[in-house]
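Worksheet: the structure to be examined is printed underneath.
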Amino acid sequence: MTGWTLVAPAMVCLSLAGCYERIVEPADVFGTVKQGATYSPASRMIDDWYAVEAIDTQTFAINEPNSSQYNTSYLLVGETRALMFDAGSGERPAGSRSMREVAERYTGNKPISLILSHFHYDHIADAAAFDGVTLIDRLDIRATITDGIYTIGPVESHGMEWRPLKVAQLIADSEVLDLGGRTVAVFNLPGHTTESVVLFDRYRNQVFTGDFVYRHLGGIIAFASGSDLTAYKENSTRLLHLTTADTRFFGAHGIPRFDRDWLALLDRELDKIITGAATYRYAAHYLAPGIPWRVYQNGDLSIYTTPLVAPPLFWSKWVLLFVATVSFLMLYFLLRIVRMALVPVLVDRSGE
Ligand SMILES: [Zn+2]
């Protein structure tokens, strides 16, 4: 009996793990490019780490081809100031230039404002190297600022560190930043995270999307408590309405450039998810291997989500019943084990 009480929970765990198809590994994020390879022959290497591509004479994609998630940050330069969108993956080798030092090669002496697409660890690494950060003006962000400092914590960043950042400016949703001869609108589009920001240069018809939408293996991710699939759908529709068929989009992972059809596909799939019409399968994911991930796939586009994001969307009553039954059985077996371990001890003591 003792053997079975130990073996049975282990078997339940193993069979549950076997239900998940392990499909998502770090190497999967690159799509058609390989880690270390540049996506564009026009890229110029700096420190053997950054691959900088001029999108036009005042707009630069700063890619990190060797980073584990193939990150790209962007530099938008005006006549009087510049805007840095994201601050690097944090995987650059010791002694290499910071994202700020790389940006300064293209901005001369112009001041650089830093905006983070969101607070995940792989977008904020060199943020402290800038003269403060421009944050989206939200009540939850305001409430966290103390003495002009906003601290990104491990829960927000999914990293290990606390990162105190000087707040240079708060900017409202839809507000326009003037870089001198160039204006950029800033939009707060929750979905991937609550603070997710997208930049729109209407004159050049360029949109910089961070992790709100990018194109690498089609892996759009909403997996943590700050993600919200209903908001995601609302904001993908909003971004579609803001843009036109010939808007060029630039994301933060993989080959950066994509067109509006990709956003339209995301919008349709999110609609299916929140109306319960989407089909899915389960998988394990290297970002959080201990929990079941649900994968919605249409062609090259996959959307990954977890029970942490949207419990009513994620769990059907049958899945809930299954999980409740398994949890109950595991608890029962655990109690049996504890009781069997304690009874001899108590009997011994009573005999003393
Ligand atoms: Zn992210």
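Every number for a ligand or one of its atoms is a count from 1 in the order of the listing.
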**Request:** Please state whether the separation between the Zn ion (ligand 1) and some N/O/S atom of His192 is under 2.8 Å?
**Result:** yes
**Request:** For residues His253 and Tyr214, establish whether the separation of their ring centroids is below 6.0 Å.
**Result:** yes
**Request:** Identify, by name, the N, O or S atom of His120 lying closest to the Zn ion (ligand 1).
**Result:** ND1
**Asked** Below 2.8 Å, any N, O or S contact between Asp211 and the Zn ion (ligand 1)?
**Response** yes
**Side-chain (Glu269) to main-chain (Leu266) donor-acceptor, under 3.5 angstrom** = no
**Prompt:** Is it true that Lys233 and Asp267 make a salt bridge, defined as a side-chain N closer than 4.0 Å to a carboxylate O?
**Reply:** yes
Can I get a per-line list of side-chain donor-acceptor pairs under 3.5 Å for residues 243-250, giving both atom names and the distance, sequence neighbours left out?
residue: Thr243; atom: OG1; partner: Leu239; partner atom: O; Å: 2.8
residue: Thr243; atom: OG1; partner: Leu240; partner atom: O; Å: 3.3
residue: Thr243; atom: OG1; partner: Arg260; partner atom: NE; Å: 3.0
residue: Thr244; atom: OG1; partner: Asn205; partner atom: ND2; Å: 3.1
residue: Thr244; atom: OG1; partner: Asp246; partner atom: OD1; Å: 2.7
residue: Thr244; atom: OG1; partner: Thr247; partner atom: OG1; Å: 3.2
residue: Asp246; atom: OD1; partner: Asn205; partner atom: ND2; Å: 3.3
residue: Thr247; atom: OG1; partner: Asn205; partner atom: OD1; Å: 2.7
residue: Thr247; atom: OG1; partner: Thr244; partner atom: N; Å: 2.9
residue: Thr247; atom: OG1; partner: Thr244; partner atom: O; Å: 3.0

